[in-house]
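Residues: numbered from 1 along the sequence shown.
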Amino acid sequence: MMANNWKTKKEIMADYGYSEGTFYSRCKECSLLPDYRDAIIRDGGQRTYVDENRFQDFLRYRSEQYRKRMLDPHLKEGK
């Protein structure tokens, strides 16, 4: 791991159990969200790095959005 808590694509894939397709899918989703797009660092077209702390913030956000979608409809109204 780099000193600034950035990780390479291979490190993220290994640490999170992602396939290459899942990695790129998460990066695309993360990059589309203004609050989290700084988690993905592209050094030209050759290298992609991930700021793991920001990426984990994105994953927490993603998890919360999933939880909200899965709530029973009658519970959503009160939340």
Side-chain angles (χ1 to χ4, degrees):
M1 179 181 3
M2 297 179 189
N4 56 7
N5 209 34
W6 290 6
K7 288 191 173 183
T8 65
K9 174 180 88 169
K10 287 183 181 182
E11 290 172 322
I12 291 292
M13 288 172 55
D15 290 350
Y16 291 79
Y18 287 170
S19 66
E20 191 165 349
T22 299
F23 172 79
Y24 283 116
S25 176
R26 295 294 182 276
C27 285
K28 181 179 178 181
E29 184 180 350
C30 187
S31 294
L32 292 173
L33 295 168
D35 290 344
Y36 302 103
R37 67 175 48 145
D38 61 338
I40 309 302
I41 299 100
R42 291 191 174 85
D43 182 16
Q46 297 296 319
R47 299 212 186 273
T48 299
Y49 299 100
V50 177
D51 179 335
E52 189 173 23
N53 291 334
R54 293 294 294 142
F55 189 68
Q56 288 178 354
D57 291 340
F58 158 70
L59 292 177
R60 284 185 195 92
Y61 167 81
R62 191 173 190 276
S63 177
E64 181 62 17
Q65 296 309 302
Y66 176 79
R67 186 192 68 76
K68 287 177 183 178
R69 284 193 311 273
M70 294 298 112
L71 280 175
D72 288 337
H74 68 280
L75 294 176
K76 285 183 182 180
E77 294 172 12
K79 299 288 175 190

Quiz prompt | Candidate pair Y49 and E11, rule side-chain hydrogen bond (donor to acceptor under 3.5 Å, both in side chains), full reasoning | solution = CA-CA 9 Å; Y49 299 100; E11 290 172 322; over 6 Å; no
Quiz item: Could you go step by step and tell me if Q56 and Y16 meet the side chain to side chain contact (heavy atoms under 4.5 Å, CB included) rule?
Solution: CA-CA 11 Å; Q56 288 178 354; Y16 291 79; 3.1 Å; yes
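Heavy-atom minimum distance, I41 versus D51: CD1-N, 3.7 Å. The two residues D38 and R54 come nearest to each other via the heavy atoms OD1-NE, 3.1 Å.
By the side-chain hydrogen bond (donor to acceptor under 3.5 Å, both in side chains) test, E64 pairs with R67, sequence neighbours left out. Applying the side-chain contact (heavy atoms from CB on, under 4.5 Å) rule to T22 yields the partners Y18, S19, R26; only residues at least two apart in sequence or on another chain are considered. Every residue meeting the salt bridge (Lys or Arg N to Asp or Glu O under 4.0 Å) condition with R60, not counting sequence neighbours, appears here in chain and number order: D57. Not a single salt bridge (Lys or Arg N to Asp or Glu O under 4.0 Å) links R42 to another residue, sequence neighbours left out. Residues passing the side-chain contact (heavy atoms from CB on, under 4.5 Å) test with Q46, sequence neighbours excluded: none. Checked against side-chain hydrogen bond (donor to acceptor under 3.5 Å, both in side chains), R62 has the following partners two or more places apart in sequence or in another chain: E29.
The list of salt bridge (Lys or Arg N to Asp or Glu O under 4.0 Å) pairs with a residue in residues 12-24, not counting sequence neighbours, reads K7-D15, K9-E20. Among residues at least two apart or in separate chains, ring pair (Phe, Tyr, Trp, His ring centres under 6.0 Å) pairs with a member in residues 19-42 are Y36-Y61.
Within the 4.5 Å cutoff, the side chain of F55 has heavy atoms near those of the L59 side chain.
For the atom pair OG (S31) and CD1 (I40), the distance works out to 5.0 Å, reported to the nearest 0.5 Å.
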